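Heavy atoms only: backbone and side chains are in, while hydrogens, waters and symmetry mates are out. So you know, we letter chains A, B, ... as the sequences are listed, proteins then strands, and number each from 1. If you're wondering where the values come from, they're calculated on a predicted model, not measured in any experiment.
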There are 2 protein chains.
Amino acid sequence: MKNNSYLFFKVLSTELRAKIIDLLYQKPRTVSQITKELQTDQSKISHNLQKLSLCNIVNSKRKGKTKIYSLNKKTILPILDLVNKHFCTLCIKECKAKEEYK
Amino acid sequence: MKNNSYLFFKVLSTELRAKIIDLLYQKPRTVSQITKELQTDQSKISHNLQKLSLCNIVNSKRKGKTKIYSLNKKTILPILDLVNKHFCTLCIKECKAKEEYK
DNA sequence: ACTACATATGATATCTCTTTCATATGAAAA
DNA sequence: TTTTCATATGAAAGAGATATCATATGTAGT
């Protein structure tokens, strides 16, 4: 695995950030929109957006008082597609099954 | 992001497991071979192999006293290729740069 | 310049994952 | 069937990440 790509995976590895990515996949949103839709608090969202941002998974631009975050689709979509369409259905089913069985 | 695919990323998200994957990418290996090559202890390797195994990232078969682990290439290679060849070089460079700058 | 709203940031508490240590299980050989 | 080597596993310790809370910064309107 190339040098530090595990860092990239780490950023993709929490439920909250997955949910944020899902929202931004639909359309760009402001911090407060995301906060409201995920029914959590603003600071948490900002912290997590920053991590996504550091790995270029999301982009942002100011618009007045707000800041609009969008998914860097060119970067992230191929990998999500691959994971979602191909092995992951199978793979995670297994995962879950085994975990539940535990 | 599909249901629980973030769990899959989580398993790929540590340096040690990345190193294990690298070794198994070259060729299948026993637990003690991996342990020796990574100069760490056996229990740690076993624990981590188990996680990789739960997500079908690696397979294993007994051979006498030993157990040979191999990379489930069909499952994992496409995603690694994608990450390594395309955006990740760029992406992680950025990551690192920003982290170091901090 | 002051106020209000939106977002970011730093410090610490909390939580989760990984490592460690001791021990158990499994397999082969004597 | 006992001994030895290889691997697995459970519990507790340790490390690392995330959430929370308080506060700072940024922007616009007045």
Of A:His47 and A:Arg62, the one whose closest DNA chain C nucleotide lies more 5': A:Arg62
Sugar-phosphate, base or nothing in reach of A:Thr66, heavy atoms under 4.0 Å: sugar-phosphate
Sugar-phosphate, base or nothing in reach of B:Thr40, heavy atoms under 4.0 Å: nothing
Selected nucleotide, minimal atom distance to A:Ser46 side chain, candidates D:dT20, D:dA8, C:dT9: C:dT9
Touch class at under 4.0 angstrom, heavy-atom based, for B:Leu16 against every strand present: sugar-phosphate
Donor-acceptor pair present, A:Ser43 side chain and D:dC21 base, under 3.5 Å: yes
Spacing of A:Lys65 atom NZ relative to D:dA24 atom P, expressed in whole Å: 20 Å
For atom CD of B:Glu15 and atom C1' of D:dG16, their distance in whole Å: 14 Å
Pairing residues for B:Ser32 by the side chain to side chain donor-acceptor pair (under 3.5 Å) criterion, not counting sequence neighbours: B:Thr30
Residue met sooner reading DNA chain D from 5', once A:Asn48 and B:Gln33 are mapped to nucleotides: B:Gln33
Pair of N/O donor and acceptor under 3.5 Å linking D:dA8 base with B:Gln42 side chain: yes
Interatomic distance where CG belongs to A:Leu38 and C1' belongs to D:dA19 [whole Å]: 15 Å
Side-chain N or O of A:Lys67 closer than 4.0 Å to phosphate OP1/OP2 of C:dA6: no
Heavy-atom check, side chain of B:Tyr6 versus side chain of A:Leu16, under 4.5 Å: no
Value in whole Å for how far the P atom of C:dT7 lies from NZ of A:Lys61: 14 Å
Among C:dT7, D:dT18, C:dT19, the one nearest A:Thr14 by side-chain distance: D:dT18
Sugar-phosphate only, base, or nothing, as touched by A:Lys51 at under 4.0 Å among non-hydrogen atoms: sugar-phosphate
Under 3.5 Å, side-chain donor or acceptor atoms of residues 60-68 of chain B against the rest of the protein: list the pairs with distances, not counting sequence neighbours.
from: B:Arg62; atom 1: NH1; to: B:Lys65; atom 2: O; distance (Å): 2.7
from: B:Thr66; atom 1: OG1; to: B:Lys63; atom 2: O; distance (Å): 2.9

Donor-acceptor side-chain pairing of A:Gln50 and A:Ser46 below 3.5 angstrom: no
B:Tyr69 OH to D:dA8 P, straight-line distance once rounded to whole Å: 4 Å
A:Lys10 or B:Ser32, whichever maps to the more 5' nucleotide of DNA chain D: B:Ser32
